[in-house]
Amino acid sequence: MRRIRAAAIGAVTLSLALAASACGGGSSTDGGGSNDSPKTLTYWASNQGASITVDKKVLKPELDKFEKQTGIRVKLEVIPWSELLNRILTATTSGQGPDVLNIGNTWSASLQASGALLPWDTKNFGSIGGKDRFVASALGSTGARGEDPAAVPLYSMAYALYYNKKMFADAGISKPPATWDELVADGKKLSKGGKWGLGAEGANLSENIHQVFVFAKQHGADFFTADGKPDFTSDGAVTAIKQYVDLMAKDKIIAPGNAEYAQNQSLSDFAKGKTAMVLWQTASATLTSLGMKDDEWGVAPAPVRSGTPGSGTSVNSMVAGINLAVFKNTDNQDGALKFVKFMTSDAEQKILNKAYGSIPPVKAAQSDPAFNTKATAALRDTLAKSAAALPQVADESQFETGVGTAVKELLADAAGGRPVTTESVKAKLEKAQQQMPAK
């Protein structure tokens with residue numbers, strides 16, 4: 001049930017692919033937003049559950065409900081994260097895509113730049129009940145600042161610190177760490193006997209970006225200037241990335257083998273008692289599927305440098321989640337808008353986010369007691385108070401590829417016993433910045 005697997009497969013070619021796609025999508029025609037097929041919709045859903053089969057079991061009853069209410073049949077395809085971005089890029093270049101689709105929220109501005117997605121202007125937001133229904137942090141990851149959003153929030157997620165209660169008790173640790181200094185100190189107590197303090201997914205580029213983005217915010221740094229230009233080598237960014245890599249290189253609380261992890265192995269290690277802590281999004285359902293009992297783990301806000309989580313330099317998560325988009329050239333725009341209204345209704349938001357262990361981005365739905373449990377309260381509070389959106393720029397995917405690869409290579413150096421210095425970090429980031437598209 002891992003949503004951050006919106007990995008950077010194909011991201012290197014994203015700007016070229018999007019630049020070639022002036023026309024956008026459409027289920028079967030270039031209808032330009034007409035309503036030629038009022039009784040049918042095609043929906044590409046991202047793989048949110050433990051398997052595609054699980055997703056179909058969650059979604060099919062809701063799609064049947066929508067058909068009963070509207071007479072519109074929805075053709076569902078659940079697409080793995082490893083394929084989704086490339087499928088979307090192919091659809092934008094060919095003009096042959098679904099009517100409605102899920103996108104990772106970090107892709108919003110990149111896909112917005114293609115012109116392939118329906119803009120969510122005041123009129124379109126009005127058709128689903130208005131923009132004010134949505135949590136501000138979720139709206140912050142729907143497209144470039146100053147432009148109409150390219151999508152609307154569907155599922156919201158945030159990072160939290162999951163910890164193994166027994167391993168903490170055995171090490172004499174009475175509470176989860178609230179700062180990075182505390183996490184390192186606890187991690188050293190826990191890293192012995194073949195077990196480790198903290199897990200990581202060092203070969204996953206998107207995961208790397210999510211982590212170092214938070215560290216950078218805590219050091220007062222952004223990876224882009226206010227006008228959208230890359231700024232990867234600022235003192236704050238370099239310090240942040242070195243601090244993250246040093247968790248393996250200097251502090252030695254992350255196992256060297258984690259430098260090669262990219263497929264949720266660190267969460268599997270956590271569930272097996274091999275690792276005591278992991279920074280993860282909405283992990284509860286996956287931990288259950290991996291055989292871990294609810295009383296074996298705890299969850300707390302992700303650490304900050306000092307004090308408590310909040311805005312500014314106390315940001316402790318990126319705004320994670322899934323957005324719902326409509327292809328501009330759908331041949332059933334009216335039906336697509338009705339479907340988005342249905343999926344973002346208060347009732348459906350409760351049903352779907354309960355099923356996936358995520359947080360509703362619709363304010364009214366968050367009042368349900370299901371989103372005030374051990375598994376969800378920390379995530380909800382993080383989204384409301386201390387999460388920030390990744391840069392909403394057209395080159396965001398190239399940023400994930402370039403900087404994510406730099407972090408991957410630095411972690412590989414750490415795993416191999418090679419020195420990680422301020423100079424080596426800066427050199428990797430300079431290379432990544434040089435590879436960004438010229439403005």
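- Between F232 and F399, the ring planes lie tilted relative to each other; the angle falls in the 30° to 60° range.
- Looking at E182, its side chain does come within 3.5 Å of a backbone N or O of A178 through a donor-acceptor pair.
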### Message
The test is side-chain contact (heavy atoms from CB on, under 4.5 Å); show your working for W120 and V340 and say whether it passes.
### Response
CA-CA 11 Å; W120 284 85; V340 174; 3.7 Å; yes

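- Side-chain contact between F134 and T344 is present, with heavy atoms from C-beta onward closer than 4.5 Å.
- Counting heavy-atom neighbours within 6.0 Å of K363 NZ, excluding the residue itself, gives a total above 12.
- Using a distance-only test at 3.5 Å, with no hydrogens or angles considered, a donor-acceptor pair links the side chain of Y162 to the main chain of A283.
- The two residues S114 and T92 have their closest heavy-atom pair at OG-CG2, 4.5 Å.
- Without hydrogens or angle criteria, T239 side chain to G236 main chain gives no donor-acceptor distance under 3.5 Å.
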### Message
The test is side-chain contact (heavy atoms from CB on, under 4.5 Å); show your working for K188 and I253 and say whether it passes.
### Response
CA-CA 6 Å; K188 289 179 177 179; I253 64 170; 3.9 Å; yes

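- No more than 12 heavy atoms of other residues, nucleotides or ligands shown are found within 6.0 angstrom of NZ on K408.
- The distance from atom CG of L154 to atom OG of S358, rounded to the nearest 0.5 Å, is 8.0 Å.
- In K175, the NZ atom is not crowded: 12 or fewer heavy atoms of neighbouring residues, nucleotides or ligands sit closer than 6.0 Å.
- Proximity of a side-chain donor or acceptor of S311 to a complementary backbone N or O of S386 within less than 3.5 Å is not detected.
- Counting non-hydrogen atoms of other residues, nucleotides and ligands closer than 6.0 Å to CD of E260 gives a total of 12 or fewer.
- Within the 3.5 Å criterion, the main-chain N or O of K293 finds a donor-acceptor partner in the side chain of E296.
- The side-chain heavy atoms of P177 and L161, taken from C-beta on, include a pair separated by under 4.5 Å.
- Side chains of L247 and V184 form a contact here, defined as non-hydrogen atoms less than 4.5 Å apart.
- The neighbour count for D295 CG, taken as heavy atoms of other residues, nucleotides or ligands under 6.0 Å away, is above 12.
- To the nearest 0.5 Å, atoms OG1 (T330) and CG (L117) are separated by 12.0 Å.
- The structure places CE of M248 at 5.5 Å from CG of N258, a figure rounded to the nearest 0.5 Å.
- Judged purely by atom type and a 3.5 angstrom limit, N102 has no side-chain atom pairing as donor or acceptor with the backbone of I322.
- A donor atom on one side chain and an acceptor atom on the other are found under 3.5 Å apart for D55 and N47.
- Between the side chain of K374 and the backbone N or O of D294, at least one donor-acceptor pair lies under 3.5 Å.
- When ring centroids are compared, F339 and Y43 come within the 6.0 Å threshold.
- Looking only at distances, no side-chain donor or acceptor of T179 sits under 3.5 Å from a matching main-chain atom of S306.
- Between the side chains of E400 and S206, at least one donor N or O sits under 3.5 Å from an acceptor N or O.
- Side-chain N/O atoms of Q392 and E396 include no donor and acceptor closer than 3.5 Å.
- Interatomic distance, L59 CG to L352 CG, rounded to the nearest 0.5 Å: 6.5 Å.
- In this structure, Q218 and V214 have side chains that are in contact, with non-hydrogen atoms separated by less than 4.5 Å.
- Within a 6.0 Å radius of NZ in K250, other residues, nucleotides and ligands contribute 12 heavy atoms or fewer.
- Counting heavy atoms from C-beta on, the side chains of Q398 and P230 never come closer than 4.5 Å.
- Looking at N164, its side chain never comes within 3.5 Å of a backbone N or O of G273 through a donor-acceptor pair.
- The two residues T275 and M277 make their nearest non-hydrogen contact at CG2-O, 3.3 Å.
- With contacts defined as side-chain heavy-atom distances shorter than 4.5 Å, the pair D413/K428 qualifies.
- A salt bridge links D64 to K60: at least one charged side-chain nitrogen sits closer than 4.0 Å to a carboxylate oxygen.
- Using bins of under 30°, 30° to 60° and over 60° for the plane-to-plane angle, the ring pair F168/Y163 lands in the tilted bin.
- Taking every heavy atom of both residues into account, P361 and A138 meet most closely at CB-CB, 3.8 Å.
- Between F213 and A389, the shortest heavy-atom contact is CZ-O, 3.2 Å.
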### Message
Evaluate F270 against W297 for ring-ring contact (aromatic ring centres under 6.0 Å, His included), listing each step before the verdict.
### Response
CA-CA 10 Å; F270 177 79; W297 55 269; 8.0 Å; no

### Query
Where do E201 and Q265 land on the side-chain contact (heavy atoms from CB on, under 4.5 Å) test, with the steps shown first?
CA-CA 7 Å; E201 297 279 318; Q265 294 100 317; 3.7 Å; yes

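- Open room surrounds NZ on K426; 12 or fewer heavy atoms of other groups in view lie less than 6.0 Å from it.
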### Task
Determine, stepwise, if the pair F327 / L101 fulfils side-chain contact (heavy atoms from CB on, under 4.5 Å).
CA-CA 8 Å; F327 265 101; L101 73 158; 3.7 Å; yes

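- Here the shortest heavy-atom pairing between S266 and V278 reads OG-CG2, 4.1 Å.
- Among the candidates K354, Q349, R380, the single residue satisfying the side chain to side chain contact (heavy atoms under 4.5 Å, CB included) test with P360 is Q349.
- The CG atom of N105 lies 9.0 Å from the OG1 atom of T142; values are rounded to the nearest 0.5 Å.
- Between L287 and W280, the closest side-chain pair of non-hydrogen atoms is not below 4.5 Å.
- Screening L41, V326, T42 for a side chain to side chain contact (heavy atoms under 4.5 Å, CB included) involving N332 leaves a single residue, L41.
- How far CG of L118 is from CD of Q333: 5.0 Å, rounded to the nearest 0.5 Å.
- A pairwise comparison of heavy atoms in G97 and A91 identifies CA-CB, 3.8 Å as the closest pair.
- In this structure, V245 and V425 have side chains that are not in contact, with every pair of non-hydrogen atoms separated by 4.5 Å or more.
- In this model, no donor atom of one side chain and acceptor atom of the other lie less than 3.5 Å apart for D231 and T225.
- The only option from T282, L379, V319 that meets the side chain to side chain contact (heavy atoms under 4.5 Å, CB included) definition with M157 turns out to be T282.
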